[in-house]
Structure formats: structure tokens, C-alpha cells
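Report on the following structure.
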Amino acid sequence: MTNVFENKEIFKEEYQRRIIEHYGRSIDQAHITEKFMILGEMIRDHASIHWYESKNAIQEGQEKQMYYFSMEFLMGRLLTNNLMNMGVYDVVNQGLSELSINIHELEDIETDAGLGNGGLGRLAACFLDSLASLQYPGHGNCIRYEYGLFKQKIENKEQVEVPDCWMRLGNVWEIRKPKHAVDVKFGGHVNMWMDASGKTKVEHIPSFVVRAMPYDMPIVGAGAKLTNTLRLWSSEVADDACNAINLNDYVNEVHEICRNVYPDDSTEHGKILRLKQQYFFVAAGLNSIIASHLKAYGTLDNFAEKVAIQLNDTHPVLCIPELMRLLMDEYQYEWDDAWTIVKDTFAYTNHTVMNEALEKWQMQYVQELLPRIYMIIEEIDRRFRYRITHQYGREDLIEKCAILQHGQVHMANLAIIGSHSINGVAALHTEILKDDVMKHFYAICPQKFNNKTNGITHRRWLLNANPQLSSLLKKTIGGKFVKEPLNLIELMKYVDNKKIQTNFLEIKLERKKILAAYIKKTMNIEVDVTSIFDIQSKRLHAYKRQLLSILNILDLYFHMKEDPNFRIYPRTIIFAAKAAPSYIFAKEVIKLIHYVADMVNHDTEIADYMKIIFLPNYGVSMAELLTTAADVSEQISTAGKEGSGTSNMKFMMNGAITCGTYDGANVEIVERVGFDNAVIFGLRREEVMHLKNENLYHASDVYKNDVAIHRVIDGLIHGIFPVDFRIIFNELLNKNDEYMVMADFHAYQEAFFKIEEYYKDRMRWARMCLVNIAQSGFFSSDRTIEQYVEDIWHIHKIQM
Ligand code: 26Y
């Protein structure tokens with residue numbers, strides 16, 4: 001087949017031809033969206049050739065494959081990524097420019113595929129990039145949400161959610177695969193009987209059947225040798241939908257399953273819908289893996305030898321009973337044999353210790369929606385209770401570890417019991433799982449626990465997002481780091497080199513100007529690019545403590561107002577964060593940030609020293625702008641609460657200084673850069689625990705006795721703003737400041753001043769940043785993937 005990207009002439013000819021064939025227009029007449037779509041199609045078709053070759057190579061080598069089951073994949077834009085990974089970016093860029101098309105305009109009209117909430121979903125996307133780039137056969141399995149995570153708008157200083165129609169132009173990367181569609185069954189009842197040979201037979205008579213339709217997206221690895229698949233499932237009406245009494249209701253119910261990323265689970269309806277989503281993509285995904293496995297091997301006996309499935313948090317954990325069901329009910333396996341296959345297949349990643357994220361389902365919901373699955377969960381639970389008593393002699397742990405308790409199904413317990421591996425996402429987080437959250441399981445099966453510190457793909461987050469820095473690095477240390485990111489360590493030789501320091505500062509300034517232009521364009525606010533760009537971008541959550549930052553700003557503002565001799569070094573403090581639609585406290589914090597920004601930015605005495613920006617609608621593409629332009633990376637969660645964090649790694653890799661607590665992967669960042677090249681402050685996890693366990697922390701005493709704290713907290717309710725922030729006030733005082741904001745207040749302010757002191761010494765600052773870049777290779781997801789491969793998946797590189 002011809003390579004349409006071989007040179008710019010062939011590319012131009014093909015591109016023009018396709019535009020005419022498809023739209024009946026010349027290049028000059030074509031709309032920009034048409035230009036984008038045709039380019040996308042050309043890339044996708046080209047990827048199909050690699051796809052075909054990859055599938056053949058896997059089949060011929062009878063290679064084991066890994067499937068990453070995740071409710072979220074935050075892919076962002078794919079045009080640049082695909083062009084870069086295929087190695088044809090320059091050819092296309094030149095070709096387009098000769099046709100008077102600016103490639104950046106095409107890049108900019110692509111909408112982010114925002115199929116996720118935050119860190120967990122972006123991690124899944126980084127993993128896919130690393131898997132394909134390292135030539136490992138590893139695929140994604142997810143839902144094809146009609147709308148991505150909501151778009152955030154700010155109206156009257158408050159968050160408003162609007163639908164994210166990410167597929168308005170269609171999704172150019174996907175291919176619909178009707179031949180692989182499967183039916184997924186819900187509700188109804190289960191019939192059981194003995195056949196002539198005395199074997200138990202089971203039949204599930206559903207009340208509701210949905211057709212799961214797969215859409216495949218090619219995941220192109222760097223160098224385009226291996227192309228893997230992200231399979232997205234869409235719900236459609238089934239051919240023989242049973243009991244569809246009211247056709248309209250049925251159609252609505254079917255479409256609802258794939259409508260939104262994270263349906264509201266504050267209502268019963270929302271909860272059941274989420275459970276439906278989970279079973280839907282799990283059942284469809286497993287079904288199609290089994291079908292292709294049977295096609296290749298004709299038996300499921302070797303399933304676990306050829307298939308590894310990673311469960312991204314508890315969301316896909318229904319995989320465990322579903323595979324049991326398939327093996328037993330459809331392929332006549334005995335329980336014990338099926339259980340061995342299941343345990344050898346699945347591995348589970350935990351991402352968070354926050355109690356509300358450890359999923360529990362009402363037994364009744366599971367029983368009604370998934371009657372056969374519920375029976376299997378009951379049996380897994382019954383057998384586990386027996387084992388823990390008779391095999392481990394730990395009857396005392398039943399209460400802590402059982403799956404079914406107090407009317408609920410504990411999904412994390414099911415995940416641990418049904419998997420051979422359980423991992424946390426940073427060293428500290430894994431320790432917390434072992435000695436706290438999952439300590440009872442750790443006592444009986446320590447061998448299952450392991451750590452896999454998160455990573456980010458340096459291809460997107462350094463090479464593609466920051467071409468300026470990448471080219472400086474290539475000039476300085478050569479291009480080896482592109483394939484082997486650990487090679488960034490070579491930069492350590494240059495951290496004292498004045499020329500490199502200066503070059504770095506110039507590049508940072510250039511990136512700051514790009515961000516400043518974006519802020520000007522989207523918000524019509526001018527920012528001073530010589531000020532310190534201090535950025536906190538992540539989901540809005542109480543434990544991430546955006547509040548700590550805004551209270552500090554408020555205090556500094558008061559201080560500057562009362563003392564004209566007190567001035568801070570100019571700072572631009574940037575927030576970007578979405579709050580879950582039903583998370584009232586988080587939305588209040590967004591509102592507070594806006595009121596403070598309004599006051600500070602319009603105060604002519606102060607505005608030269610401080611500017612507060614809240615950038616609406618944070619997502620992957622915005623993160624690319626922010627992480628490359630930051631001087632300071634805010635990672636200020638209450639110690640012990642952040643699983644890992646991954647934006648900390650993106651900022652570091654682009655030469656920003658971490659201002660953070662000793663939490664999540666921050667610990668491993670300082671382990672590498674040293675305490676001189678990061679600003680670490682605040683209570684450690686043991687101190688937080690000590691204060692809490694011994695009941696030694698009394699927020700109201702702090703409030704009473706600390707003048708500065710008293711003043712800012714009072715500011716929330718007394719007349720500074722036209723609205724009051726009683727909800728935040730109450731959270732701090734009536735709920736004893738659960739996340740220790742006041743406890744870390746002064747330490748945080750000290751960190752703030754340390755940063756400005758370091759920053760003023762420009763060469764010292766540049767050195768610090770260079771050390772961060774040099775040490776960031778460890779945080780490439782290539783390293784993370786190699787560790788998963790080695791310890792958990794045992795898959796092999798595909799030679800092509
Ligand atoms: C359904 C509901 C229970 C739920 C939905 C989404 C629960 C959790 C989530 C998402 C969690 C998440 O994004 N966790 C983050 O994962 C990152 C990748 O491992 C970590 O870096 C980060 O610390 C963690 O908060």
C-alpha cells in the first residue's frame with residue numbers, strides 16, 4: 001500500500017483529492033472542519049495498515065495481551081499526538097503550509113476527548129501511549145460516552161455545567177465494528193436445574209437487553225511500529241428486546257447508559273445508572289475478549305496465560321463475577337477451575353484512600369439489576385468467609401474483609417479477593433494501603449500487594465506540549481531521552497551552565513507569553529509575564545486544599561492593605577479546577593476564588609503585586625498550556641490523602657518548582673531532586689494521624705488564638721464580600737477543619753515566601769528548574785509500564 005505521508009508532494013495530492021471526493025470542494029472552498037476531518041481520516045486509514053500488521057504479529061506469535069479496563073480515558077486531542085508518533089508531523093506541516101493551511105489552526109479545532117474526571121482517566125490515556133510506544137500489546141476498554149465530562153462555565157462567579165458535545169463533528173478516529181457487537185442482559189430472574197448428568201444448569205431470563213456496539217480507536221505508538229486498540233462501547237437497542245412494553249421508555253433507558261461520563265449519583269436513579277454503566281462495559285468487553293481468545297486458541301483453559309486484565313480502581317470490578325459467570329454458565333467450568341482462571345487474570349489498582357471513593361453498592365440494587373452476578377458474588381463471599389476462618393484462622397477479620405456486609409456489596413473487597421495483584425499508585429500511598437486502609441487484607445495476603453508509582457507520557461507532556469524546551473534539551477544532551485527518558489539525567493551536567501540556565505529562562509518566558517496570550521484571549525485579562533506564575537490545576541476537592549491557597553492570598557492582601565511598606569514579589573496565581581456538580585463545598589470554593597480575584601485584581605494599590613486568575617473548563621489541552629508555563633507547581637493536599645498526583649510530574653518535567661506537602665508522589669519527587677530543589681512544607685502524614693488519633697487538633701482554638709487566621713476566617717462571613725461563605729466557615733470550624741487547612745496555614749505562607757526568595761535569584765532558580773527536568777525521567781509512564789509488565793502482566797514486546 002502506498003504511504004500517503006512519504007513526502008509532502010504525495011501528501012498534498014492525496015489530501016486535495018480526498019477533499020474533493022468527500023465534500024465536492026476544492027481546498028480553498030473547504031471549511032476548516034472539513035480540512036480537519038480529512039486529515040484525520042488520512043491518519044486513521046494510515047494507522048489501519050499498522051493495525052492490520054500489529055494484529056497479525058500478535059496472532060502469529062500467540063502473544064499474551066493486556067486489557068486496561070477503565071471507566072475513564074481522558075485522551076485529550078489526538079491529531080498532534082498521532083502525527084508525532086507516526087513520525088510524519090513535519091511532512092504534513094510542510095504540505096499543509098504549501099496549501100496555505102496553518103496546521104495549528106487544525107490542531108486547535110479538535111475537541112478534547114474528555115472521557116473521564118481527572119487523574120485516573122488521564123493515567124489510563126498515558127498508559128495507552130506508553131504501551132504502544134514500547135511495543136507492548138495492551139488495549140483499552142471503556143464506554144463511548146455521548147457527552148464528555150461537563151463543560152465548565154462561570155456565571156456570576158459560580159460554576160455552571162453545560163454538556164460537552166465532543167463528537168459534534170463526529171469522532172474521526174473511531175471505526176464502528178458491528179460484527180463484534182454483543183448483547184448485555186439486565187434484570188429479570190434466574191432459572192436453575194440439573195441436567196441428565198447431574199450438572200447444575202443456569203439460565204438468566206433478563207427483563208432488559210442492550211446491544212453493545214464497539215467503536216475502535218487506533219492507539220499509535222511512537223515510531224508507529226505497534227498500533228493497539230481503544231475499544232469504546234456504545235449502547236444501542238437490541239434486536240429482540242424483551243418486555244419492551246413502552247418502546248420510548250426502552251429507547252431512552254438504552255441511550256441513557258452511554259450518555260454521560262459520571263451520572264449524578266446523589267440520587268437512587270443516578271446510582272443504578274452508574275451500576276448499569278459498569279456492568280455494560282465490563283460484560284461487553286469480556287465477551288469480546290473471550291470471543292477473540294476462542295477464535296485463536298479454541299479453549300479457555302489457557303485464558304490467564306494469554307490475557308491480563310487490569311482493573312482501574314473498583315469501577316470495572318464486576319469483571320470478576322462476570323468472568324466467573326461466563327466460565328461456569330456458558331463454558332461449563334467447575335467453580336474451582338474458573339476461580340483459578342479469574343484470579344490469575346485480574347489485577348486491581350487502587351487510586352485513592354478517600355472513603356467516599358471506595359465503592360459500595362446496595363445489595364438490593366445488584367440483586368435486582370444483575371441477579372446472576374449477585375448469586376456469584378454471594379458464593380465468592382461465602383467461600384471467602386470459610387477460607388478466612390479455616391485456612392487463615394482469622395475469623396476476627398470477617399467483619400473487615402467480607403464482600404457482603406450491612407446490606408452492601410464492598411467492591412474493593414471483591415477486587416482484592418478476586419485479583420492476584422493489588423497496587424497503589426505511589427510509594428507512600430501503597431504504604432497507607434498496607435498499614436491502614438487495607439491492613440486486614442495485607443495481614444492475610446501480603447504477597448498480593450505492590451507499588452506502581454504513576455507516570456506521565458513524556459511524549460505528550462514534554463515533546464509535543466513543549467517543543468521549545470524539547471529542542472533545548474536535544475541540543476544540550478542529544479536526543480536519547482526521547483526514547484529513554486531516564487537519559488534526561490544527563491542534564492545534571494549542565495545545571496550550573498550559565499548559558500543553559502539563560503536559555504531555559506528564555507524558553508520559560510516564551511511559554512509564559514503563550515499562556516498569557518490565552519488568558520488575554522479567553523478572559524481579557526492582562527498578566528505580567530515577569531511575575532511568578534504560580535499554578536494549581538486539578539479537580540476541586542477539599543483534600544486538595546485550593547482553599548489553603550486562597551486563604552493565604554486573602555491574608556497577604558490584608559497585610560498589604562494595612563502596611564504600605566509590605567509588598568510581595570509580583571505573582572500571578574492561577575487556578576483551574578472543575579467541581580463535581582453535586583459537591584457544594586467545592587463549588588463554594590470556586591465562588592470564593594472568584595470573589596477574592598475580583599477584589600484583588602481591581603484594587604489598584606495591589607494589582608501590580610498580585611493577580612488571581614481562575615481559568616474555566618480545565619481539561620487536557622489546557623493542562624498542556626499550564627504545565628509548560630508554570631514557575632511554581634502547587635501540590636498542597638493534606639498529607640496522606642493524595643494517592644499520587646500526576647500534574648506534579650508534568651510540571652516538574654517542564655521545569656517548575658513543586659510547592660507541596662509531603663504527600664503522594666511529591667515524596668518521590670523530592671527523593672530525586674532533594675529538599676533544596678523543591679519547597680516542601682506542612683504536617684507529615686504521621687503528624688496528621690497523631691493529631692487526629694489523639695484528638696489534639698482543635699480548629700476553634702486555632703481560630704481563637706491566631707490573629708492572622710482569625711482575620712481571614714472572619715473575612716469569609718463578615719462583610720468583605722457581598723455574599724457570605726458560611727458553608728466554608730462551618731466546614732473549618734464546626735467540622736474541626738477535617739483537612740487541616742488552618743494547621744498548615746503558616747507553614748504554607750513560609751513556603752510562599754521561600755519561593756519568592758529563590759525566584760528573585762534568577763540563576764539559582766534556573767538551576768533548580770533544570771535539576772527538576774533532569775530528574776523527571778523516572779516519572780515517564782514508560783517506566784511505570786515496564787514495572788507493570790515485569791511484575792504483573794508478563795507480556796512481551798511485539799517485534800515488527
Ligand atoms: C465513582 C466514584 C466513586 C469515583 C469516580 C472517579 C471515584 C474516583 C474517581 C477518580 C479518582 C481519581 O482520579 N483518582 C486520582 O488518580 C490519580 C491517578 O492514579 C492519582 O494521581 C490521584 O492522586 C488520584 O486522586
Side-chain angles (χ1 to χ4, degrees), residues 64-70 119-120 123-124 126-128 130-131 134 136 138 304-305 307-317 319-320 340-354 357-358 384 392 397 400-401 411-456 486 640-646 649 663-669 671-672 685 778-796:
K64 183 174 186 182
Q65 301 182 75
M66 192 283 294
Y67 298 86
Y68 202 78
F69 272 49
S70 176
L120 167 153
L123 185 76
C126 283
F127 280 4
L128 288 186
S130 284
L131 279 160
L134 295 170
Y136 287 116
E305 275 161 50
V307 173
I309 298 180
Q310 191 69 32
L311 304 172
N312 200 20
D313 220 289
T314 51
H315 320 155
V317 163
C319 262
I320 290 168
T340 303
I341 295 176
V342 165
K343 272 214 332 203
D344 291 348
T345 302
F346 294 114
Y348 155 62
T349 304
N350 173 281
H351 292 265
T352 172
V353 300
M354 301 298 290
L358 290 177
F384 175 73
Y392 301 112
L397 294 184
K400 317 277 183 202
C401 300
M411 300 304 278
N413 294 358
L414 176 56
I416 298 171
I417 293 165
S419 305
H420 64 275
S421 161
I422 296 126
N423 75 280
V425 288
L428 176 68
H429 172 230
T430 301
E431 288 312 305
I432 296 174
L433 295 182
K434 294 198 290 195
D435 74 26
D436 185 4
V437 184
M438 296 175 176
K439 64 177 177 214
H440 305 298
F441 279 108
Y442 185 64
I444 54 175
C445 50
Q447 75 289 352
K448 282 191 186 182
F449 284 79
N450 63 91
N451 176 246
K452 294 287 166 284
T453 297
N454 282 165
I456 54 165
L486 277 176
K641 296 293 181 196
E642 188 69 271
S644 156
T646 42
M649 302 168 185
D663 197 19
N666 298 353
V667 173
E668 288 157 88
I669 291 178
E671 197 182 306
R672 285 175 174 76
R685 176 200 169 217
F778 176 81
F779 297 104
S780 165
S781 44
D782 288 7
R783 184 267 313 152
T784 315
I785 287 299
E786 292 290 8
Q787 293 178 331
Y788 275 93
V789 167
E790 168 87 13
D791 299 342
I792 305 176
W793 301 332
H794 310 298
I795 51 179
H796 303 105

For the residue pair D782 / S130, report whether a side-chain donor-acceptor contact shorter than 3.5 Å exists. yes
Could you check if a side-chain atom of T349 sits within less than 4.5 angstrom of a side-chain atom of L123, using non-hydrogen atoms only? no
Which atom of I456 lies closest to which atom of C126, heavy atoms considered: CA-SG, 3.8 Å
For the atom pair CG (L128) and OH (Y136), what is the distance rounded to the nearest 0.5 Å? 15.5 Å
First locate atom CG of L131, then atom CE of M66, and finally report the distance between them rounded to the nearest 0.5 Å. 4.5 Å
Tell me whether R783 contacts the main-chain N or O of T453 through its side chain, where contact means a donor paired with an acceptor under 3.5 Å. yes
Evaluate the criterion side chain to side chain contact (heavy atoms under 4.5 Å, CB included) for residue pair T314 and Y348; output intermediate values, then yes/no. CA-CA 8 Å; T314 51; Y348 155 62; 3.7 Å; yes
Do D436 and V353 come close enough that some side-chain heavy atom pair is under 4.5 Å? no
d(S70 OG, L120 CG) to nearest 0.5 Å is 5.0 Å
Does the plane of the ring in Y788 sit parallel, tilted or perpendicular to the ring in F127? Use 30° and 60° as the thresholds. perpendicular
Hey, mind stepping through L134 and V789 against side chain to side chain contact (heavy atoms under 4.5 Å, CB included) and telling me if it holds? CA-CA 11 Å; L134 295 170; V789 167; over 6 Å; no
Shortest non-hydrogen separation from K448 to H420 and the atoms involved: CG-O, 3.6 Å
Hey, are the side chains of I320 and S419 touching, using non-hydrogen atoms and a 4.5 Å cut-off? yes
Any chance the side chains of Y442 and D435 put a donor and an acceptor closer than 3.5 Å? no
Does F441 reach the side chain of N413, with side-chain heavy atoms less than 4.5 Å apart? yes
Under 6.0 Å from the NE2 atom of H796, do we count more than 12 heavy atoms belonging to anything else shown? no
One should read off an interatomic distance between C319 SG and Y67 OH, to the nearest 0.5 angstrom, of 12.5 Å
Pair N312-H351, side chain to side chain contact (heavy atoms under 4.5 Å, CB included): steps then yes or no: CA-CA 8 Å; N312 200 20; H351 292 265; 2.5 Å; yes
Rounded distance [0.5 Å steps], SG in C401 versus NZ in K439: 11.0 Å
Any donor-acceptor pair under 3.5 Å from K64 side chain to W793 backbone: yes
Please determine, by modelled atom types, if N350 and H429 share a side-chain donor-acceptor pair under 3.5 angstrom. yes
What are the two closest heavy atoms between G455 and T646, and how far apart are they? O-CG2, 4.4 Å
For the atom pair OG1 (T352) and CG (D313), what is the distance rounded to the nearest 0.5 Å? 7.5 Å
In a check of side-chain hydrogen bond (donor to acceptor under 3.5 Å, both in side chains) between K452 and each of D791, T784, N423, which one passes? D791
Working note: M649 + F778, criterion side chain to side chain contact (heavy atoms under 4.5 Å, CB included); need CA distance, chi angles, decisive distance, verdict. CA-CA 10 Å; M649 302 168 185; F778 176 81; over 6 Å; no
What one should report as the nearest heavy-atom pair of Y68 and A124 is CE2-CB, 3.6 Å
Does a sphere of radius 6.0 Å around CD in Q447 hold more than 12 heavy atoms from other residues, nucleotides or ligands, not counting ones at 6.0 Å or beyond? yes
Looking only at heavy atoms, the pair that brings V425 and G643 closest together is CG2-C, 3.9 Å
Under a 3.5 Å distance rule, please check whether E668 uses its side chain to pair with a backbone N or O of A427 as donor and acceptor. yes
Search all heavy atoms of P316 against all heavy atoms of F69 and return the closest pair with its distance. CG-O, 3.3 Å
